[in-house]
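Values in this document were obtained by computation on a predicted structure and should not be read as measured data. Below, each value reflects all heavy atoms present in this structure, side chains not excepted, and no hydrogens, waters or symmetry copies.
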Amino acid sequence: MNINKTLGFALVGCGRIAQKHAQILGAAQVEGARLVAVCDIRPDRAEALAASHGVPAYTDMHEMMAKEGAAIDVVSILTESGRHAEHAIALAPYGKHLVVEKPMALTLKDADGMIGACDAAGIKLFVVKQNRYNLPVRKLREALEAGRFGKLVMGTVRVRWSRDQSYYDQDDWRGTWALDGGVFTNQASHHVDLLEWCLGPPEKVFATSRTALVDIETEDTGVAVITFKSGAVGVVEATTAIRPKDLEGSLSILGEKGNVEIGGFAVNQMRQWNFNDASDEDSEVLEKYSENPPNIYGFGHVAYLNHVVDVLLHGASSLVDGLEGRKSLELITAIYESVECGREVPVISQVRNIRLGQKG
């Protein structure tokens with residue numbers, strides 16, 4: 001294991017989220033990582049991003065791998081969610097580790113295909129869940145692991161963001177069943193992951209949704225009520241129909257011995273920190289963990305990519321691999337099944353017969 005090595009990252013997909021990855025890697029914000037190439041089927045996007053960071057641009061990922069492969073250690077797949085599996089399975093045989101943005105796929109079948117392809121190639125699959133690295137979230141997790149909440153009672157996530165018609169009109173895949181999904185799959189997938197990470201395995205869910213303010217195939221507004229195996233109840237409130245601007249992305253955990261609320265619009269502001277067994281440190285928590293980022297992406301991507309480097313160069317344990325990333329997809333697909341059938345459904349690991357991820 002070469003701890004002095006610098007990992008070369010290539011980006012496949014040069015859309016909105018790629019700007020964040022490129023900014024971090026291109027500006028050397030992660031020690032041990034650098035940007036070496038970008039690829040997008042749209043030449044204008046690839047060339048613009050490449051020019052900003054002084055790296056080569058490609059429109060064919062196989063050509064990029066053939067020409068730049070010696071310099072590439074990790075490929076970040078930042079394409080449409082419905083194409084993650086196609087691209088991951090095609091890239092796995094090159095033997096480069098893969099980072100995949102959320103959600104890892106739109107169907108459990110695709111997720112399993114990605115995990116299998118990476119296992120067969122002997123490479124690691126990292127699923128981006130950057131909000132787990134937000135400082136207040138990590139502090140909350142610390143309290144959970146210490147048992148400070150006692151019996152868990154309820155958890156709530158709220159995603160109240162603004163995405164008007166112009167957002168969905170930027171690309172023809174946005175808001176489609178085949179390639180994107182709706183607010184549950186896209187904007188709220190990180191928050192669903194946080195709720196499950198805090199409350200443990202889910203057992204069943206009832207959900208409802210609607211398309212309130214925009215012209216898209218999928219939902220822009222929905223609510224899900226989840227029963228967890230621990231006995232706790234979870235609520236997911238998600239909408240992109242807030243006007244005129246983003247309001248919040250928050251997480252609340254309530255237990256018999258305490259409660260914590262993390263707010264802001266990117267789960268980055270500690271708002272409540274209350275426990276029966278108060279410690280000296282508790283009085284400083286709100287002040288230390290209350291910084292809100294400039295946008296909804298938050299600060300977690302830097303920490304997440306640092307984690308990827310730590311795993312690959314220093315042998316750290318991977319926090320969100322393919323199997324871990326699949327867990328929140330199981331819950332999300334159950335949410336969609338409940339919406340479609342109009343009743344409570346169990347959260348299971350089997351493939352669901354729903355519109356999400358279906359082509360044509």
Self-check item: Side chain Ser338, main chain Ile335, donor-acceptor under 3.5 Å
Solution: no
Self-check item: Residues His21 and Glu101: side-chain donor-acceptor under 3.5 angstrom
Solution: yes
Quiz item: Heavy-atom count around Glu31 CD within 6.0 Å, excluding the residue itself: above 12?
Solution: no
Exercise. Assess the side chains of Thr240 and Tyr168: does a donor N or O sit below 3.5 Å from an acceptor N or O?
Key: yes
Practice problem: For the residue pair Asp169 and Ser166, confirm or rule out a side-chain donor-acceptor distance under 3.5 Å. | Solution: no
Quiz item: Is the closest side-chain heavy-atom distance between Leu152 and Leu144 below 4.5 Å?
Solution: yes
Quiz prompt | Which atom of Asp73 lies closest to which atom of Thr6, heavy atoms considered | solution = OD2-O, 3.9 Å
Exercise. Starting at CD of Glu219, measure out to CH2 of Trp177 and round the result to the nearest 0.5 Å.
Key: 5.5 Å
Quiz item: Relative to the ring of Tyr133, is the ring of His307 parallel (under 30°), tilted (30 to 60°) or perpendicular (over 60°)?
Solution: tilted
Quiz prompt | Salt bridge Arg45-Asp171, side-chain N to carboxylate O under 4.0 Å | solution = yes
Quiz item: If only atom types and distance count, is the side chain of Asp220 paired as donor or acceptor with the main-chain N or O of Thr239 below 3.5 Å?
Solution: no
Quiz item: Should the pair Glu340-Arg352 be classified as a salt bridge under the 4.0 Å nitrogen-to-oxygen rule?
Solution: no
Quiz item: Given Asp193, which of Lys129, Arg132, Lys327 fulfils the side chain to side chain donor-acceptor pair (under 3.5 Å) condition?
Solution: Arg132
Quiz item: Which residues satisfy the side chain to side chain contact (heavy atoms under 4.5 Å, CB included) test with Glu47, sequence neighbours excluded?
Solution: Pro43, Ala57
Self-check item: Close side-chain approach of Val345 to Val205, heavy-atom, < 4.5 Å
Solution: yes
Quiz item: Which distance, rounded to the nearest 0.5 Å, do you find between the CG of Leu11 and the NE2 of His53?
Solution: 8.5 Å
Quiz item: Taking the six-membered ring for Trp, are His190 and Trp161 ring centroids under 6.0 Å apart?
Solution: no
Quiz item: Can any side-chain N or O of Asp60 pair as donor or acceptor with the backbone N or O of Glu63 at less than 3.5 Å?
Solution: yes
Practice problem: State whether a side-chain donor-acceptor pair under 3.5 Å links Ser250 with Arg158. | Solution: yes
Self-check item: Presence of salt bridge, Arg138 and Glu142, under 4.0 angstrom
Solution: no
Quiz item: Distance only, no hydrogens: is a donor on one side chain within 3.5 Å (strictly under) of an acceptor on the other, for Lys102 and Ser328?
Solution: no
Quiz prompt | Polar side-chain atom of Asp112 near backbone of Lys109 as donor-acceptor pair, under 3.5 Å | solution = no
Exercise. To the nearest 0.5 Å, tell me how far Leu329 CG sits from Ser349 OG.
Key: 11.5 Å
